[in-house]
Amino acid sequence: MKLIGTKSLSTILNKILLIGCIGQFLYLGYLIFGFIIIYINQNTDTAYLAEIFKLGNFNSETEKTVSNSLNFQFKMPFSDAVTTGEYNLHTLFSIIFFLGFYSLFSFYLFKIFKGMSTDVIFNKEVIRSLKQFAFLNILFIPLFSIILYFIDQSVYDIEPLFILIHLSTGIVILFIIEFFKKGYELQIQNDLTI
């Protein structure tokens, strides 16, 4: 099987990445919706979707009242899975940042592999997607540091492996962009000579 071009591994990967990206965006939307429902229920003494989006102390037999709760529990649709965590702004911002970031990460990878699934591999769309993907990776650490600052967390909470992975991925992609630019120029020159 070919790696790039039509009917290749890149075609299969772009379809898998599209499904993953859509799944991540749907999951992010579902969690934000759950936080909104819990917030409404907590501040208006209502019980909208109370069996799906719960707030309480799930670690002990005695459940706290809704106003004193610090934990959430969301039932996932079409399964018996449950998402749990602390109910606070730090958790909400972390969910939005990480799921949002990795949804964009998957989306740009999808666009790159989609561009590599065509007969003309060296094209402006792939180069543009590679640039955006590189800058997304390079900007990850400063954006993460800013978010930690605003939610009163230490910048030292950043896992050093995250810094290494995203920074080196961004730098490697910048080098790959130069190869794609040279390939694009050679392809244009070749087309002009024919």
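In this text the structure is predicted, and so the values were computed from the model without any measurement. Basis for what follows: all heavy atoms, side chains included, without hydrogens, waters or symmetry-related copies.
In this structure the side chain of V126 never reaches within 4.5 angstrom of the side chain of I121, judged on heavy atoms. Put simply, the side chain of T84 does not reach to within 4.5 Å of the side chain of N71, judged on heavy atoms. The closest side-chain heavy-atom distance from Y30 to L26 is not below 4.5 Å. Side-chain atoms of F74 and I38, non-hydrogen and from C-beta on, do get closer than 4.5 Å to each other. Side-chain contact between I112 and L17 is absent, with no heavy atoms from C-beta onward closer than 4.5 Å. Looking only at side-chain heavy atoms (C-beta outward), Y27 and T83 come within less than 4.5 Å of each other. Side-chain contact between L3 and S8 is absent, with no heavy-atom pair separated by less than 4.5 Å. The shortest distance between side-chain heavy atoms of L31 and L99 falls below 4.5 Å.
Each of F133, F105, F135, F97 was evaluated against F140; a single residue qualifies, F97, per the ring-ring contact (aromatic ring centres under 6.0 Å, His included) test.
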Any chance you could lay out the side chain to side chain contact (heavy atoms under 4.5 Å, CB included) test for Q132 and L136, step after step, and finish with the verdict? CA-CA 6 Å; Q132 293 167 344; L136 179 72; over 6 Å; no

Please step through side chain to side chain contact (heavy atoms under 4.5 Å, CB included) for the pair N88 and L92, ending with a clear verdict. CA-CA 7 Å; N88 57 36; L92 178 62; over 6 Å; no

Walk me through whether F101 and L143 qualify under side chain to side chain contact (heavy atoms under 4.5 Å, CB included). CA-CA 10 Å; F101 175 81; L143 290 175; over 6 Å; no

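Under the 4.5 Å side-chain heavy-atom criterion for grouping Ile, Leu, Val, Met, Phe, Trp and Tyr, F72 is not connected to V82 through any hydrophobic cluster. Transitive grouping of hydrophobic side chains (ILVMFWY, heavy atoms separated by less than 4.5 Å) brings I188 and I177 into a common cluster. In terms of hydrophobic clustering, with Ile, Leu, Val, Met, Phe, Trp and Tyr side chains grouped at heavy-atom distances under 4.5 Å, Y184 and F179 are assigned to different clusters. I16 and M116 fall within a single hydrophobic cluster, where Ile, Leu, Val, Met, Phe, Trp and Tyr are joined by side-chain heavy atoms under 4.5 Å apart, directly or via other members. Both L139 and L104 are assigned to one and the same hydrophobic cluster, defined by single-linkage of ILVMFWY side chains at heavy-atom distances under 4.5 Å.
Taking the ring centroids of Y108 and F110, they lie at or beyond the 6.0 Å cut-off. Aromatic rings of Y48 and F53 (six-membered ring for Trp) have centroids beyond the 6.0 Å cut-off, not under it. For H166 and Y102, the gap between ring centers is short of 6.0 Å. Taking the ring centroids of F35 and Y87, they lie under the 6.0 Å cut-off.
T46 and I40 get closest at one heavy-atom pair: OG1-O, 3.8 Å. In plain terms, the two heavy atoms of S106 and C21 that are nearest each other are CB-CB, 3.9 Å. Across all their heavy atoms, A134 and L174 have their closest contact at CB-CD2, 3.9 Å.
Formation of a donor-acceptor pair under 3.5 Å by the S117 side chain with backbone atoms of T11 is found in this model. In this structure a side-chain-to-backbone donor-acceptor pair under 3.5 Å is missing from T6 to D119. A side-chain donor-acceptor contact under 3.5 Å links N43 to the backbone of Y39. Counting only distance, with no hydrogens or angles, the side chain of Q187 and the backbone of F122 share a donor-acceptor pair below 3.5 Å. Put simply, the side chain of N123 gets close to the backbone of V120: a donor and an acceptor are under 3.5 Å apart.
Salt bridge present: K111 and E125 bring a charged side-chain N and a carboxylate O closer than 4.0 Å.
Atom NZ of K2 has more than 12 neighbouring heavy atoms from other residues, nucleotides or ligands inside a 6.0 Å radius.
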